[in-house]
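Right, one structure below, let's go through it.
One-based numbering along the sequence shown. Hydrogens, waters and symmetry mates are skipped; everything else that's a heavy atom, side chains included, is used.
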Amino acid sequence: MDERLFKEYEKLRRILGDNLIEIEIVNNEVLVYVKNKVNLEGYKVLDAIDYAREEIYNSLGTIVKEIKVKGNTLEVYVKDYTPQMFEIVAVIEYEVNKKFGTNIVVKII
């Protein structure tokens, strides 16, 4: 484990306790994954909904018109349907629920 990553993890574990899931450093930015959303200055904090939204935008790109959040459900409005998008979204949904221990549902509309 990288020394900076280890120090950041220890610091955030003291602040967040069990709310902290994991951290990673991407492009010199510390990403903090949490169970419940909090504001931490100097960090990019992602809960399950934020993480799922970001992964969907990154994976589907310009096909996505809008993502609406209703409770544990993300409604993904798209410009056009492709067979691959359903598989991509299913994988994202699985990974989010496994990583965060949640029951997020993603619907393509």
Side-chain angles (χ1 to χ4, degrees):
M1 183 183 281
D2 180 275
E3 186 177 332
R4 177 178 174 215
L5 185 65
F6 182 73
K7 287 180 181 180
E8 292 288 353
Y9 183 83
E10 283 185 331
K11 176 182 170 185
L12 291 167
R13 176 58 74 187
R14 282 192 301 274
I15 295 168
L16 298 171
D18 290 339
N19 194 26
L20 178 65
I21 294 174
E22 81 178 76
I23 70 168
E24 62 183 2
I25 298 176
V26 178
N27 297 329
N28 215 23
E29 179 180 39
V30 179
L31 301 178
V32 182
Y33 302 107
V34 295
K35 294 176 187 172
N36 300 305
K37 186 73 175 190
V38 294
N39 289 324
L40 288 174
E41 194 170 320
Y43 297 97
K44 182 173 182 179
V45 180
L46 299 170
D47 64 359
I49 297 289
D50 293 335
Y51 181 76
R53 181 184 292 133
E54 198 167 278
E55 288 296 308
I56 290 166
Y57 277 123
N58 289 341
S59 299
L60 299 180
T62 59
I63 292 176
V64 178
K65 284 195 273 185
E66 178 182 15
I67 297 177
K68 291 183 180 179
V69 178
K70 295 182 179 178
N72 278 4
T73 304
L74 277 84
E75 295 179 347
V76 181
Y77 293 86
V78 295
K79 297 174 186 171
D80 193 21
Y81 295 96
T82 65
Q84 297 85 4
M85 88 170 41
F86 293 96
E87 184 177 330
I88 291 167
V89 167
V91 169
I92 291 169
E93 181 179 88
Y94 171 78
E95 288 176 353
V96 168
N97 288 327
K98 182 178 177 188
K99 182 176 200 146
F100 290 89
T102 56
N103 190 22
I104 301 295
V105 177
V106 180
K107 295 180 180 179
I108 296 177
I109 299 174

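- In this structure, Val45 is not a member of the same hydrophobic cluster as Ile21, with clusters built from ILVMFWY side-chain heavy atoms closer than 4.5 Å.
- Considering every non-hydrogen atom in both Val69 and Ile49, the closest pair reads CG2-CG2, 3.7 Å.
- One N or O on the side chain of Asn97 and one on the backbone of Ile104 form a donor-acceptor pair closer than 3.5 Å.
- Annotation for Arg53 and Ile67: closest pair CG-CD1, 3.9 Å, computed over non-hydrogen atoms.
- In this structure the side chain of Val30 reaches within 4.5 angstrom of the side chain of Arg4, judged on heavy atoms.
- Within a 6.0 Å sphere centred on NZ of Lys99, heavy atoms belonging to other residues, nucleotides or ligands number more than 12.
- Here Met85 contributes atom CE and Ile108 contributes atom CD1; the two are 5.5 Å apart, rounded to the nearest 0.5 Å.
- Within the 4.5 Å cutoff, the side chain of Leu5 has heavy atoms near those of the Ile23 side chain.
- In the displayed structure, Lys7 atom NZ is contacted under 6.0 Å by at most 12 heavy atoms of other residues, nucleotides or ligands.
- Atoms OH and CD, from Tyr77 and Glu66 in turn, are 7.0 Å apart once rounded to the nearest 0.5 Å.
- Annotation: salt bridge (charged side-chain N to carboxylate O under 4.0 Å, His left out) contacts of Lys70 (sequence neighbours excluded): Glu75.
- At a threshold of 4.5 Å between non-hydrogen side-chain atoms, the residues Ile88 and Val91 do not count as touching.
- Hydrophobic cluster membership differs between Val76 and Ile109, with clusters built from Ile, Leu, Val, Met, Phe, Trp and Tyr side chains linked at under 4.5 angstrom.
- Within the structure, ring-ring contact (aromatic ring centres under 6.0 Å, His included) contacts touching residues 27-60 (residues at least two apart or in different chains) are Tyr33-Tyr51, Tyr51-Phe100.
- A 4.5 Å side-chain heavy-atom check between Thr102 and Asn72 finds every atom pair outside the cut-off.
- Val89 and Val78 fall within the same hydrophobic cluster, where Ile, Leu, Val, Met, Phe, Trp and Tyr residues are linked whenever their side-chain heavy atoms come under 4.5 Å apart, directly or through other members.
- For Glu87, the CD atom is loosely surrounded, since the number of other residues' heavy atoms within 6.0 Å does not exceed 12.
- Tracing side-chain contacts under 4.5 Å through hydrophobic residues (I, L, V, M, F, W, Y), one never reaches Val26 starting from Tyr9; they form parts of separate clusters.
- Using a 4.5 Å heavy-atom cutoff, the side chains of Val96 and Glu55 are not in contact.
- Partners of Glu41 by side-chain contact (heavy atoms from CB on, under 4.5 Å), not counting sequence neighbours: none found.
- In this structure, CG in Leu12 is found 9.0 Å from CZ in Arg14, a value given to the nearest 0.5 Å.
- Within 6.0 Å of CG on Asn58 lie more than 12 heavy atoms contributed by other residues, nucleotides or ligands.
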- Message: Is there a side chain to side chain contact (heavy atoms under 4.5 Å, CB included) between Thr82 and Leu60? Walk through the geometry before answering.
- Response: CA-CA 10 Å; Thr82 65; Leu60 299 180; over 6 Å; no
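- Looking at Val32 and Leu16, their side chains come closer than 4.5 Å, going by heavy atoms from C-beta outward.
- Asn27 contributes atom CG, which lies 10.0 Å from atom NZ of Lys44 (distance to the nearest 0.5 angstrom).
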- Apply the test side chain to side chain contact (heavy atoms under 4.5 Å, CB included) to residues Val106 and Ile92: give CA-CA distance (whole Å), side-chain angles for both, the deciding distance (0.1 Å), then the verdict. CA-CA 9 Å; Val106 180; Ile92 291 169; 5.6 Å; no
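- Following chains of ILVMFWY side-chain contacts shorter than 4.5 Å, one cannot reach Val105 starting from Phe86, and the two form parts of different hydrophobic clusters.
- The CG atom of Asn19 lies 9.0 Å from the CZ atom of Arg13; values are rounded to the nearest 0.5 Å.
- A distance of 13.5 Å separates OG1 in Thr73 from NZ in Lys68, rounded to the nearest 0.5 Å.
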